[in-house]
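Every number for a ligand or one of its atoms is a count from 1 in the order of the listing. Source: prediction; values computed, not measured.
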Amino acid sequence: MSKRYNVAVVGASGAVGEELFRVLEEVDFPVANLLPLASARSVGEEIECQGNTYKIQELTEDVFRGKEIDIAFFSAGGSISEKYAKYAVESGAVVIDNTSHFRMNPDVPLVVPEVNPEDIEAWEETGIIANPNCSTIQMVQLLKPLHELYGIKRVDVSTYQAVSGAGKAGMEELVMQMQAFFNFTLDEAKVESFAHQIALNVIPHIDVPLENGYTKEEMKMVNETNKIMHSDFAVSATCVRVPVLRSHSESITITFEEGVNVDVEKARKALGDFENVVVIDDMSKNEYPMPIISTDTDETYVGRIRKDLYADNILHIWGVADQVRVGAATNAVRIAQKWIALEEGA
Ligand code: A2P
């Protein structure tokens with residue numbers, strides 16, 4: 001029988017944690033034992049996975065000791081990873097970290113398995129593999145085949161990000177505000193997860209503002225994209241929160257090297273041939289990617305593929321993916337699968 005692995009999930013009660021258990025089950029991940037961890041608030045809550053029931057335990061410095069954890073998924077926020085990832089690594093586990101904490105550390109590989117799986121090899125430097133920002137993951141899956149085709153010079157992206165990016169609390173806040181709207185009490189509804197009311201609104205502000213006029217979320221897209229793609233093209237991002245429960249959408253304008261004359265059919269084929277990318281692009285039938293298509297799936301969808309009206313080397317595309325899955329849980333599990341293949345010499 002092939003090897004099975006002991007798996008810990010930090011943030012087991014959160015939006016990404018819960019999705020991780022679903023994905024592990026769906027891909028029939030070779031789990032030997034599962035250790036779900038969260039704060040003291042969730043201790044004793046039950047997790048079902050692959051026909052077994054596990055109880056959430058409290059995350060502590062000692063909790064990994066003696067448990068022979070092979071793989072520890074962290075998805076409980078950057079400060080938790082900062083404090084506790086080292087204890088998982090010390091106990092012998094590889095940490096697959098879903099927070100931004102380690103992403104730009106030059107010794108930590110930042111991986112989207114369809115784009116730079118070879119970087120996983122460097123995991124032994126620190127024992128940590130970082131999962132990129134959700135908006136970055138779905139964008140680089142579309143940029144990679146186009147970069148190979150024509151060579152990218154510059155990317156301008158505007159995101160339309162779902163409230164799931166702010167975890168369960170963000171999703172609850174949108175639902176509660178919509179309920180309040182129908183009860184004529186929206187003025188009194190709680191505003192905590194976002195800077196403003198998100199129901200019936202659009203907020204051009206995700207994560208903290210920085211001195212250069214961008215937000216931290218926008219700079220994550222800039223910096224992480226070039227780290228993952230081993231490239232140095234220009235990226236400019238505007239990240240926007242929209243009242244959608246799940247799945248981020250992105251309007252992406254790609255400027256290729258001087259002299260390139262983009263062939264839309266070639267670009268469409270390169271995108272369609274890329275692993276886990278699906279082209280939906282037929283305006284005559286009202287067919288294009290939307291959150292209601294991508295939610296609960298593991299693919300990244302692309303459509304509205306069209307050449308710029310003025311410059312031959314510019315292409316516009318529209319990409320959509322489920323942020324909780326493609327942008328977090330599924331990407332993390334795909335990293336773990338590649339890590340296992342590496343460990344087993346496959
Ligand atoms: P808990 O539910 O016990 O607070 P989300 O991204 O959906 O907001 O979820 C965040 C996840 O991070 C939850 O599982 C949450 O557990 C966990 N978490 C938050 N703070 C801590 C902490 N101090 N120790 C361990 N887990 C934490």
Side-chain angles (χ1 to χ4, degrees), residues 7-24 34-49 53-65 67 69 71-91 93 95-103 128 130-137 161-177 190-195 198 206-208 216-217 220 239 241 244-248 295-296 322-333:
V7 174
V9 175
V10 176
S13 53
V16 173
E18 286 182 356
E19 202 65 37
L20 260 167
F21 298 119
R22 266 177 234 134
V23 178
L24 289 171
L34 204 58
L35 176 64
L37 299 167
S39 77
R41 289 180 289 272
S42 307
V43 169
E45 276 178 28
E46 292 189 341
I47 300 291
E48 305 276 339
C49 190
T53 305
Y54 303 90
K55 281 204 162 77
I56 293 184
Q57 298 183 34
E58 184 179 359
L59 174 67
T60 61
E61 292 175 7
D62 298 329
V63 76
F64 300 102
R65 198 171 293 160
K67 301 230 174 41
I69 297 297
I71 301 166
F73 295 102
F74 271 68
S75 193
S79 59
I80 300 295
S81 293
E82 180 180 14
K83 184 161 176 211
Y84 293 97
K86 58 175 177 278
Y87 299 110
V89 171
E90 272 166 26
S91 79
V95 166
I96 300 178
D97 185 44
N98 197 44
T99 75
S100 62
H101 186 69
F102 298 105
R103 287 182 193 149
I128 297 166
N131 208 47
N133 165 268
C134 46
S135 299
T136 310
I137 292 176
Q161 295 182 224
V163 292
S164 51
K168 273 187 182 172
M171 291 192 267
E172 267 165 35
E173 198 158 309
L174 173 58
V175 171
M176 298 309 284
Q177 288 177 0
K190 195 174 76 175
V191 174
E192 274 177 6
S193 294
F194 311 105
I198 184 62
I206 301 181
D207 211 330
V208 293
K216 202 168 163 194
E217 181 84 353
K220 286 177 199 167
C239 291
R241 189 74 70 191
V244 168
L245 269 181
R246 249 170 95 146
S247 287
H248 293 352
T295 293
D296 275 328
D322 185 331
Q323 165 271 331
V324 187
R325 292 181 74 102
V326 174
T330 302
N331 197 71
V333 172

Show your reasoning for whether side chain to side chain donor-acceptor pair (under 3.5 Å) applies to Ser135 and Gln161.
CA-CA 8 Å; Ser135 299; Gln161 295 182 224; 3.2 Å; yes
Using the test salt bridge (Lys or Arg N to Asp or Glu O under 4.0 Å), find all partners of Lys168 that sit at least two apart in sequence or belong to another chain.
Glu18
Which residues pass the salt bridge (Lys or Arg N to Asp or Glu O under 4.0 Å) test with Asp97, not counting sequence neighbours?
none
Do Leu34 and Phe21 have side chains that approach each other closer than 4.5 Å (heavy atoms only, starting at C-beta)?
yes
Which residues share a side chain to side chain contact (heavy atoms under 4.5 Å, CB included) with Thr53, sequence neighbours left out
Glu46, Glu48
Determine whether Thr99 and Ile80 satisfy the following criterion, side chain to side chain contact (heavy atoms under 4.5 Å, CB included), listing intermediate values before the conclusion.
CA-CA 9 Å; Thr99 75; Ile80 300 295; over 6 Å; no
Name each N or O atom in ligand 1 that is under 3.5 Å from a protein N or O, and give the partner atom and the distance.
{"residue": "ligand 1", "atom": "2 (O)", "partner": "Ser13", "partner atom": "OG", "Å": "2.6"}
{"residue": "ligand 1", "atom": "2 (O)", "partner": "Ser42", "partner atom": "OG", "Å": "3.1"}
{"residue": "ligand 1", "atom": "3 (O)", "partner": "Ser39", "partner atom": "N", "Å": "3.2"}
{"residue": "ligand 1", "atom": "3 (O)", "partner": "Ser39", "partner atom": "OG", "Å": "2.6"}
{"residue": "ligand 1", "atom": "3 (O)", "partner": "Ser42", "partner atom": "OG", "Å": "2.5"}
{"residue": "ligand 1", "atom": "4 (O)", "partner": "Ser39", "partner atom": "OG", "Å": "3.3"}
{"residue": "ligand 1", "atom": "4 (O)", "partner": "Arg41", "partner atom": "NE", "Å": "3.0"}
{"residue": "ligand 1", "atom": "4 (O)", "partner": "Arg41", "partner atom": "NH2", "Å": "2.7"}
{"residue": "ligand 1", "atom": "7 (O)", "partner": "Ala15", "partner atom": "N", "Å": "2.9"}
{"residue": "ligand 1", "atom": "7 (O)", "partner": "Lys168", "partner atom": "N", "Å": "3.0"}
{"residue": "ligand 1", "atom": "14 (O)", "partner": "Gly11", "partner atom": "O", "Å": "3.2"}
{"residue": "ligand 1", "atom": "14 (O)", "partner": "Ser13", "partner atom": "N", "Å": "3.2"}
{"residue": "ligand 1", "atom": "14 (O)", "partner": "Ser13", "partner atom": "OG", "Å": "2.7"}
{"residue": "ligand 1", "atom": "14 (O)", "partner": "Gly14", "partner atom": "N", "Å": "3.0"}
{"residue": "ligand 1", "atom": "16 (O)", "partner": "Ser13", "partner atom": "OG", "Å": "3.1"}
{"residue": "ligand 1", "atom": "26 (N)", "partner": "Ser39", "partner atom": "N", "Å": "3.2"}

